[in-house]
Protein chains: 4
Amino acid sequence: MWLRIDSRSSTPMYQQMIDEIKARIAKGALAPQSRLPSIRELASDLMINPNTIAKAYQELEREGVIEVIRGRGTFVCREQEGAGGAVAASARAQVRDMLTRVLVEAHHVGIPLADVSRELEVLIAGWPEERGRYSDE
Amino acid sequence: MWLRIDSRSSTPMYQQMIDEIKARIAKGALAPQSRLPSIRELASDLMINPNTIAKAYQELEREGVIEVIRGRGTFVCREQEGAGGAVAASARAQVRDMLTRVLVEAHHVGIPLADVSRELEVLIAGWPEERGRYSDE
Amino acid sequence: MWLRIDSRSSTPMYQQMIDEIKARIAKGALAPQSRLPSIRELASDLMINPNTIAKAYQELEREGVIEVIRGRGTFVCREQEGAGGAVAASARAQVRDMLTRVLVEAHHVGIPLADVSRELEVLIAGWPEERGRYSDE
Amino acid sequence: MWLRIDSRSSTPMYQQMIDEIKARIAKGALAPQSRLPSIRELASDLMINPNTIAKAYQELEREGVIEVIRGRGTFVCREQEGAGGAVAASARAQVRDMLTRVLVEAHHVGIPLADVSRELEVLIAGWPEERGRYSDE
DNA sequence: GTGGTCTAGACCACA
DNA sequence: GTGGTCTAGACCACA
């Protein structure tokens, strides 16, 4: 089974697919240019309505993560480089926002903020491939 | 206006309220024991149906964040419990999960992971009050 | 403080008073004929609205547990003997209903029914005074 | 009629539904995995507003008794968790509390405590299925 | 088809 | 005054 989806989860199935595919790409488990299963394949594989797969793929395409080439299939885009300037600013704002949420949640379950920081370091240290990007400092 | 809600957002209004109130408490902007506006007050303030406010308050009460005192009003709880035992494990797993999401998202918008880490440090440094909790190291 | 009431509890304060007073009588901590504090005394003692006390006392009087004697005060009734016949049947039905609830709850939290039974035996064994009533067998 | 609800009862209708459904599951009358009627079905069946049914279902889901599968319907959960750790302790305390209430009530209606005990034995003996749980002795 | 969100408004219980 | 329950009905997201 190419993908593992939990139909009982509260996050919609199409969203789970989006998250999982983006995660694989980010971790290098899905290389740029590589081909994704067709909607039909995946639908019968997961025993899920094809419309659900289609919705996930459409959203991924809209985000510029994958691209559909008529008659050939669906592929991971070469590079998703965050654009500079205004777009970058909003992207950073979004990341900051997500981090704030993590801290708020940590507070309410009684986890010290320092532990959150340490946890992040561990995750980054174990991250598969961070191919020579430069910090924008 | 006590709270700012975006009725056009895709996240439900009641969820926005929950998030915002938890954030304020976590940041110390809403002190323990302090009183929240009554459902009717907030409803007329935000021009939102009272049922929507009630739903948010009920969920916050269920989470142990606020408490209702009959006929008197709604108040921020004294203390959010420290993480202990099985609860702590799942809470930490959740935090790790949220952090992973942040890293995945950062990758896709082209933000170096080191920048995410730095951003987190900045947020923690500016966090209003972290009253002497101990890391569990 | 004669009585301990939790204003934060989800069970109404007047109901807590009813439960507690009935429990004390059942356990012999409040003897028949003994005098209860006046509404005013209790209200100022607990810093609670007198109307709330009055409501509890009224309900207890309606149930035949206490009696108000004009100008003298409020007293625990001599004996609350369950009447025979039809009343007894409905009383037994109520008890059976409560026991069923306990078993349902026990099931859902994963407590074996045998443990519930054992727990009940322990409670009965430690019951202060069961003055020679006869089982109706 | 799948469910019997008393709209004149002082216990809210949604609470009656919760109690009844949990009771059926505990007695094995509603098997794990089995499907509950849809909100709309049940609403028109009972001539009750769908929102009221939804509230009951949501609470049951929160308690981990049933689960919603998107677009498919609502189902009884596979297994109710066994009581372990801190949860177990508070669960047992709650059961003890409920039993105490029963004894207090029995006293006041004149039912000997021994009869309560016997009644419980009868209920347990007639309990549909108690599939090999172990007492924690 | 399924459940989730929200409104406008009535009525009730509690303090 | 406070919050809780319920209705009738609209509209939306998901599968």
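Letters A, B, ... mirror the listed sequences (proteins, then strands); counts begin at 1. Basis for what follows: all heavy atoms, side chains included, without hydrogens, waters or symmetry-related copies. Everything quoted here is computed from the prediction, not taken from an experiment.
- The phosphate of E/dG4 has OP1 or OP2 within less than 4.0 Å of a side-chain N or O from D/Gln58.
- Residues that satisfy the side chain to side chain contact (heavy atoms under 4.5 Å, CB included) test with B/Thr11, not counting sequence neighbours, are B/Ser9, B/Gln16.
- In the displayed structure, B/Arg35 atom CZ is contacted under 6.0 Å by more than 12 heavy atoms of other residues, nucleotides or ligands.
- Applying the side chain to side chain contact (heavy atoms under 4.5 Å, CB included) criterion to C/Ser7, with sequence neighbours excluded, gives B/Ile69, C/Met13.
- Among the heavy atoms of the strands, none lies under 4.0 Å from B/Ser7.
- Distance D/Ile5 CD1 to F/dT5 C1': 14 Å, rounded to the nearest Å.
- Looking at residues two or more places apart in sequence or on another chain, you find a salt bridge (Lys or Arg N to Asp or Glu O under 4.0 Å) between D/Arg8 and D/Asp6.
- DNA chain E forms stems at E:1-14 with F:1-14, each a run of 3 or more consecutive Watson-Crick or G-U wobble pairs whose two key distances fall under 3.5 Å.
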- Query: Nucleotide by nucleotide, 5' to 3', does protein get under 4.0 Å of the base (B), only the sugar-phosphate (S), or neither (-) in nucleotides 10-15 of chain E, counting heavy atoms?
  - Reply: ----SS
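- When the salt bridge (Lys or Arg N to Asp or Glu O under 4.0 Å) test is applied to C/Arg24, the partners found at least two apart in sequence or on another chain are C/Glu20.
- Spacing between atom CD1 of B/Ile39 and atom P of F/dG1 amounts to 14 Å, rounded to whole angstrom units.
- Checked by atom type and distance alone, the side chain of D/Glu41 pairs as donor or acceptor with a backbone atom of D/Ser38 at under 3.5 Å.
- E/dC6 atom P lies 16 Å from atom CE of B/Met47, rounded to whole Å.
- Here F/dA8 presents its C1' atom at 14 Å from CD1 of D/Ile53, a figure rounded to the nearest Å.
- Residue pairs satisfying the side-chain hydrogen bond (donor to acceptor under 3.5 Å, both in side chains) criterion with at least one member in residues 93-102 of chain C, sequence neighbours excluded, are listed as follows: C/Arg96-D/Glu119, C/Asp97-C/Arg101.
- The B/Val68 side chain lies nearest to F/dG4 when the options are F/dG4, E/dT2, F/dT2.
- With sequence neighbours excluded, no residue forms a salt bridge (Lys or Arg N to Asp or Glu O under 4.0 Å) with A/Arg40.
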Would you tabulate the side-chain donor-acceptor contacts of residues 51-62 of chain B under 3.5 Å, counting partners in other chains and residues two or more places apart, or write 'none'?
unit_1	atom_1	unit_2	atom_2	d
B/Tyr57	OH	B/Pro37	O	2.8
B/Glu59	OE1	B/Arg62	NH1	2.5

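- Among the protein residues, B/Thr74 comes within range of the sugar-phosphate backbone only, with heavy atoms under 4.0 Å from sugar or phosphate atoms but none that close to a base.
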